Amino acid sequence: MASISIRNVYKIYPGDVMAVNNCNLEIQNKEFVVLVGPSGCGKSTTLRMIAGLEDISKGELYIGDRLVNDVPPKDRDIAMVFQSYALYPHMTVYKNMAFALDLRKTPKEEIDRRVREAAKVLDIVHLLDRKPKALSGGQRQRVALGRAMVRNPAVFLLDEPLSNLDAKLRASMRTELIKLHKRLETTFVYVTHDQTEAMTMGDRIVVMYDGIVQQVDTPQSLYDAPCNMFVAGFIGSPQMNFLNVLVLEDDKGYYLKTHESEDHLYIPPGKANGELQPYIGQSVRLGIRPEDIHDDEAFVAANADSVIRASVEVSEMMGSEVYLYLTYGKSALTARVPPTTAAKAGDTTRVALNMNKIHLFDDASEAAILN
């Protein structure tokens with residue numbers, strides 16, 4: 001049983017520096033959970049507390065049914081893969097992978113079987129006699145994974161293992177790690193600052209900011225229903241656009257008046273029920289993702305109640321789509337549109353917002369009002 005239970009856990013460094021603030025997290029057996037957030041948010045500290053490399057200031061940590069607060073790392077049945085690979089440069093790949101088993105006095109036949117089994121899974125059998133300096137970054141990362149695999153741990157802990165690789169190799173290694181998780185059927189806890197990695201790899205994602213867990217959910221739910229503005233802006237690339245708007249109501253229903261102009265953006269019937277009633281006459285923040293801003297004539301014509309005029313500052317061709325960087329009053333907006341767009345830098349263009357896809361956030365607390 002390799003579930004992990006983190007209950008009211010704090011990490012406080014000298015000088016009352018709060019690195020992790022009241023973390024509560026339940027990770028199921030065989031689950032792939034990704035901790036994501038900007039640098040300094042507490043994600044690596046949380047991982048190191050699970051590993052036993054950092055003491056817990058307050059709270060309880062269970063692996064399976066066992067309280068492990070005071071259990072040393074070697075007795076936690078975990079294996080950790082670091083960003084730096086941490087391979088022994090004077091040892092061959094084979095000896096690097098076998099090292100932990102040698103220390104445990106594992107029989108030589110068993111060591112050989114496990115090392116070759118792991119090397120076959122990771123496609124590094126042909127590298128077993130080489131030393132780390134003769135390997136590429138991707139090969140070294142596979143060796144680091146293999147060294148963890150041979151121990152048959154209950155839990156894999158991975159701390160930004162792909163951040164030293166180039167973009168193309170990162171993409172292929174993401175796929176390999178997903179396959180490896182399915183093959184091993186073991187609990188994976190993975191730390192990254194890259195939200196693309198988080199979205200593509202995790203069964204569930206834990207978004208952290210300033211030492212606090214902001215939201216825990218599936219990638220799609222995080223994308224569709226962020227709990228606050230931080231999560232909304234952090235998840236998604238390019239990030240969500242935000243506008244200051246006033247909530248109003250007339251005989252047609254709820255509408256938003258932008259602070260940038262007198263534009264009225266009507267909310268479709270059924271999108272909002274009673275959530276907006278307390279906010280009538282008040283300012284809120286409107287969130288809209290770049291793919292939900294459209295400039296094609298048919299969409300603009302069919303959505304006259306959500307059209308705004310904006311200046312095109314930059315048109316960035318991405319192959320299958322174009323990013324339009326727009327100025328609307330004092331606000332900057334990004335739209336993802338098809339490559340057939342006629343808009344180019346210097347134009348003033350009409351775009352329509354897909355009002356079924358908007359998000360609204362409280363101006364003061366930044367908590368979600370409407371998703």
Side-chain angles (χ1 to χ4, degrees), residues 2-12 18-54 56-64 68-69 76 78-83 153-163 174 177-178 181 186-237 239-240 359 366-368 371:
S3 61
I4 299 170
S5 181
I6 301 172
R7 303 177 189 174
N8 306 114
V9 163
Y10 292 77
K11 179 61 186 179
I12 306 165
M18 185 82 71
V20 176
N21 186 345
N22 195 22
C23 179
N24 287 278
L25 185 60
E26 297 293 328
I27 299 171
Q28 303 305 315
N29 185 37
K30 301 181 183 179
E31 195 173 19
F32 196 135
V33 167
V34 180
L35 307 184
V36 68
S39 296
C41 71
K43 58 191 184 298
S44 287
T45 304
T46 302
L47 194 77
R48 290 172 66 82
M49 285 192 288
I50 297 171
L53 302 176
E54 292 278 0
I56 293 169
S57 303
K58 281 194 285 184
E60 295 178 329
L61 176 66
Y62 291 83
I63 296 178
V68 296
N69 285 43
R76 292 194 180 196
I78 55 97
M80 191 153 175
V81 179
F82 296 92
Q83 175 183 346
V155 178
F156 272 87
L157 305 177
L158 301 102
D159 192 6
E160 307 219 23
L162 308 185
S163 59
R174 283 203 302 265
L177 281 171
I178 294 165
H181 172 249
T186 307
T187 307
F188 274 46
V189 186
Y190 186 103
V191 160
T192 182
H193 63 273
D194 183 336
Q195 56 93 19
T196 304
E197 274 182 28
M199 291 292 284
T200 53
M201 296 174 77
D203 296 328
R204 285 190 303 149
I205 299 173
V206 181
V207 183
M208 295 187 72
Y209 179 61
D210 208 16
I212 297 169
V213 172
Q214 303 291 313
Q215 189 171 355
V216 184
D217 218 324
T218 63
Q220 196 64 54
S221 294
L222 278 181
Y223 195 78
D224 293 340
C227 71
N228 60 32
M229 277 183 64
F230 173 78
V231 176
F234 190 80
I235 298 294
S237 180
Q239 74 166 47
M240 184 181 285
H359 307 263
E366 298 190 351
N371 280 312

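Please read these numbers as outputs of a predicted model, since none were measured by experiment. For reference, positions follow the sequence shown, starting with 1.
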Run the side-chain contact (heavy atoms from CB on, under 4.5 Å) check on F156 and I78 step by step: do they pass? CA-CA 6 Å; F156 272 87; I78 55 97; over 6 Å; no

The test is side-chain contact (heavy atoms from CB on, under 4.5 Å); show your working for M49 and V9 and say whether it passes. CA-CA 9 Å; M49 285 192 288; V9 163; 3.6 Å; yes

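When the side chain to side chain donor-acceptor pair (under 3.5 Å) test is applied to R174, the partners found at least two apart in sequence or on another chain are T200. Take Q195 and apply the side chain to side chain donor-acceptor pair (under 3.5 Å) test, not counting sequence neighbours, and it matches no residue. Residues passing the side chain to side chain contact (heavy atoms under 4.5 Å, CB included) test with N24, sequence neighbours excluded: R7, N8, N22. Under the side chain to side chain contact (heavy atoms under 4.5 Å, CB included) criterion, N371 pairs with A225, P226, H359, A368, sequence neighbours left out. By the side chain to side chain donor-acceptor pair (under 3.5 Å) test, Q214 is found to be paired with N228, residues two or more places apart in sequence or in another chain being considered.
Closest heavy-atom contact between V216 and V213: CG2-CG1, 3.6 Å. The nearest pair of heavy atoms linking G202 to P219 is O-CG, 3.4 Å. When all heavy atoms are compared, the tightest approach of T186 to V155 is CG2-N, 4.0 Å.
Between the CG atom in L61 and the CD1 atom in I50 there is a gap of 6.5 Å [rounded to 0.5 Å]. Between the OG atom of S237 and the CE atom of M199 there is a distance of 10.5 Å, given to the nearest 0.5 Å. Rounding to the nearest 0.5 Å places CG of L47 at 8.5 Å from CZ of F82. Here S3 contributes atom OG and E31 contributes atom CD; the two are 10.5 Å apart, rounded to the nearest 0.5 Å. Interatomic distance, CZ of F234 versus NE2 of H193, reported as 8.0 Å (0.5 Å rounding). Taken from CE in M201 to CZ in F32, the straight-line distance is 3.5 Å, to the nearest 0.5 Å.
Side chain of D194 to backbone of T196: a donor-acceptor contact under 3.5 angstrom is found. With T192 contributing its side chain and A198 its backbone, the two residues share no donor-acceptor pair below 3.5 Å. Of the possible donor and acceptor atoms, none in the side chain of E366 sits under 3.5 Å from a partner among the backbone N and O of M229.
Between I205 and D217, every side-chain heavy-atom pair lies at or beyond the 4.5 Å cut-off. Two residues are said to be in side-chain contact when any heavy atoms from C-beta on lie closer than 4.5 Å; V189 and L158 fail this criterion. The side-chain heavy atoms of L157 and R48, taken from C-beta on, include no pair separated by under 4.5 Å. Using a 4.5 Å heavy-atom threshold, the side chains of Y190 and E197 count as touching. Residues D203 and T218 form no side-chain contact, since every pair of their non-hydrogen atoms from C-beta on lies 4.5 Å or further apart.
Of the candidates V20, N69, I6, N69 is the only one forming a side-chain contact (heavy atoms from CB on, under 4.5 Å) with I56.
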What side-chain donor-acceptor pairs closer than 3.5 Å can you find for residues 33-46, not counting sequence neighbours?
from, atom 1, to, atom 2, distance (Å)
K43, NZ, G37, O, 3.1
K43, NZ, P38, O, 3.2
S44, OG, D159, OD1, 3.0
T46, OG1, G42, O, 2.8

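Checking S5 against E26 by side-chain atom types alone, a donor-acceptor pair falls below 3.5 Å.
The aromatic rings of F188 and H181 sit perpendicular, their planes meeting at an angle over 60°, well past the 30° parallel limit.
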